[in-house]
Amino acid sequence: MPLTPRWYKLCPHAGQDALWHSKARFIVLPCGRRSGKSEIAKRKLILSALDPNTGYDDPNYFAAAPTRDQAKRIYWRDLKALLPKSLIAKVSESEMLIQLVNGASIYVVGMDKPERIEGMSWNGGILDEYANMKPKAWTENVRPALSDRNGWCWLIGVPEGRNHYYETYMYALSDESGPEWAGFTWKSSEILPESE
């Protein structure tokens, strides 16, 4: 597949490399700002949507943030730029939906009303700035919507105290979470130039 210029080269450090190669279904990723987590998530979404081996004719993926405006700002332009035009069947600006020629769909969603994620079968998705989402959005809205297709999800953002994000991260690291869960973290200072 020919890549677009938006696929600039990444120079991942050990934590990012471990994240990329993880086989866990649910990944919790509290990392510093500008540390590359959203960029890696965008690429994960695109490559998942292009995967011909999902077992479904209509795989569905989401990129979500606490509000619709935030989700649009973080994901919408970049997702369109990462996809070669030859692979896009349709783009709906009003719905923030990209349909691919292989039948896959990528939605950009605001989670200020978590029930927006319900009603569809999801193959995978990203919850970005998860610490700022409603505490029960994962357990009551997102997790059930992933069940029928055994969908995956990354819960990413910056650490923001000992809230529901912290608890979810600690659960991902615990023995009781099992192999479905993994947690990764790194600091911005490990990625950004020392002068920053």
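For clarity, every value in this text was computed on a predicted model and none was experimentally measured. Quick note: numbers below take in every heavy atom, side chains included, and nothing from hydrogens, waters or symmetry partners.
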Novice: With side-chain contact (heavy atoms from CB on, under 4.5 Å) as the test, would you mind laying out the steps for Leu127 and Val142 before giving the verdict?
Specialist: CA-CA 9 Å; Leu127 295 177; Val142 179; 4.1 Å; yes
Novice: Enumerate the side-chain hydrogen bond (donor to acceptor under 3.5 Å, both in side chains) contacts for residues 161-174, please, sequence neighbours excluded, ordered by first and then second residue.
Specialist: Arg162-Tyr166
Novice: For residues 42-68, pull every pair meeting ring-ring contact (aromatic ring centres under 6.0 Å, His included), keeping only residues two or more places apart or in separate chains.
Specialist: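 Matches after skipping sequence neighbours: Phe62-Trp122.
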Novice: Mind checking what makes side-chain hydrogen bond (donor to acceptor under 3.5 Å, both in side chains) contact with Asp69, not counting sequence neighbours?
Specialist: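 Not a single residue meets the side-chain hydrogen bond (donor to acceptor under 3.5 Å, both in side chains) criterion with Asp69.
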Novice: What pair of heavy atoms forms the shortest contact from Pro59 to Asp57, and how long is it?
Specialist: CD-C, 3.5 Å
Novice: Using side-chain heavy atoms (C-beta onward) and a distance below 4.5 Å, is Val28 in contact with Phe184?
Specialist: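 Side-chain contact under 4.5 Å: no.
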Novice: If the condition is side-chain hydrogen bond (donor to acceptor under 3.5 Å, both in side chains), which residues does Trp181 pass it with, not counting sequence neighbours?
Specialist: none
Novice: Which pairs pass salt bridge (charged side-chain N to carboxylate O under 4.0 Å, His left out) with one or both residues in residues 89-112, sequence neighbours excluded?
Specialist: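 Residue pairs passing salt bridge (charged side-chain N to carboxylate O under 4.0 Å, His left out), neighbours aside: Lys80-Glu93, Asp112-Arg116.
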Novice: Test ring-ring contact (aromatic ring centres under 6.0 Å, His included) on Phe26 and Trp138; report intermediate values, then the result.
Specialist: CA-CA 11 Å; Phe26 306 123; Trp138 167 250; 5.2 Å; yes
Novice: Of all heavy-atom pairs between Val108 and Trp76, which one has the smallest distance, and what is that distance?
Specialist: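 Looks like CG2-CE3, 3.6 Å.
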Novice: Do Met96 and Lys72 pass the side-chain contact (heavy atoms from CB on, under 4.5 Å) test, and can you show the C-alpha distance, the side-chain angles, and the key distance before you say yes or no?
Specialist: CA-CA 8 Å; Met96 286 199 294; Lys72 183 177 184 178; 3.5 Å; yes
Novice: Determine the minimum heavy-atom distance between Ala24 and Ala182, stating which atoms define it.
Specialist: CB-CB, 3.5 Å
Novice: Quick one: pull up CG in Leu83 and CD1 in Ile106 and give me the separation to the nearest 0.5 Å.
Specialist: 5.5 Å
Novice: I need the full list of side-chain hydrogen bond (donor to acceptor under 3.5 Å, both in side chains) pairs touching residues 141-151, with sequence neighbours left out, sorted by first then second residue.
Specialist: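 For residues 141-151: Arg25-Asn150, Asp58-Arg149, Glu118-Asn141, Ser121-Asp148, Asn123-Arg149, Arg143-Ser147.
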Novice: With rounding to the nearest 0.5 Å, note down the distance linking CZ in Arg6 to CZ in Arg77.
Specialist: 10.5 Å
Novice: Which residue pairs satisfy the salt bridge (charged side-chain N to carboxylate O under 4.0 Å, His left out) criterion with at least one member in residues 119-129, sequence neighbours excluded?
Specialist: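 Qualifying pairs, neighbours excluded: Arg33-Glu129.
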Novice: Using the rule given for side-chain contact (heavy atoms from CB on, under 4.5 Å), can you reason through Ile156 versus Cys31, listing the C-alpha separation, both sets of side-chain angles and the distance that settles it, and then say yes or no?
Specialist: CA-CA 8 Å; Ile156 70 177; Cys31 297; over 6 Å; no
Novice: Going by ring-ring contact (aromatic ring centres under 6.0 Å, His included), name the pairs with one or both residues in residues 79-106, residues two or more places apart or in two chains.
Specialist: none
Novice: Is Val158 linked to Ile40 within one hydrophobic cluster, defined over Ile, Leu, Val, Met, Phe, Trp and Tyr using a side-chain heavy-atom separation of less than 4.5 Å?
Specialist: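 No.
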Novice: Going by the rule salt bridge (Lys or Arg N to Asp or Glu O under 4.0 Å), which residues pair with Glu176 if we only count those two or more places apart in sequence or in a different chain?
Specialist: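 Partners of Glu176 under the salt bridge (Lys or Arg N to Asp or Glu O under 4.0 Å) test: none.
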Novice: If you round to the nearest 0.5 Å, how far is CD of Gln70 from OH of Tyr75?
Specialist: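 Reported to 0.5 Å precision, the distance equals 10.5 Å.
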Novice: Would the distance check show the side chain of Glu140 and the main-chain N or O of Ala137 forming a donor-acceptor pair, the cut-off being under 3.5 Å?
Specialist: no
Novice: Side-chain polar contacts of residues 41-51 - donor-acceptor pairs under 3.5 angstrom, sequence neighbours left out - could you list them?
Specialist:
residue	atom	partner	partner atom	Å
Lys42	NZ	Ile74	O	2.9
Lys42	NZ	Asp78	OD2	2.5
Arg43	NE	Glu39	OE2	2.7
Arg43	NH1	Tyr8	O	3.1
Arg43	NH2	Tyr8	O	2.8
Arg43	NH2	Glu39	OE2	3.0
Ser48	OG	Lys44	O	2.8
Asp51	OD1	Asn53	N	2.8

Novice: Are Cys153 and Leu146 side-chain neighbours, meaning at least one heavy-atom pair lies under 4.5 Å?
Specialist: yes
Novice: Taking only residues at least two apart or on different chains, which pairs with a member in residues 99-108 satisfy side-chain hydrogen bond (donor to acceptor under 3.5 Å, both in side chains)?
Specialist: none
Novice: Output, in order, the C-alpha distance, side-chain angles, deciding distance and verdict of side-chain contact (heavy atoms from CB on, under 4.5 Å) for Ile88 and Val101.
Specialist: CA-CA 6 Å; Ile88 298 174; Val101 295; over 6 Å; no
Novice: Atom CG of Leu19 and atom NE2 of His13: how far apart are they, to the nearest 0.5 Å?
Specialist: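 Between Leu19 CG and His13 NE2, I get 10.0 Å after rounding to 0.5 Å.
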Novice: Find the distance between OH (Tyr130) and CG (Leu29) and round it off to the nearest 0.5 Å.
Specialist: 13.5 Å
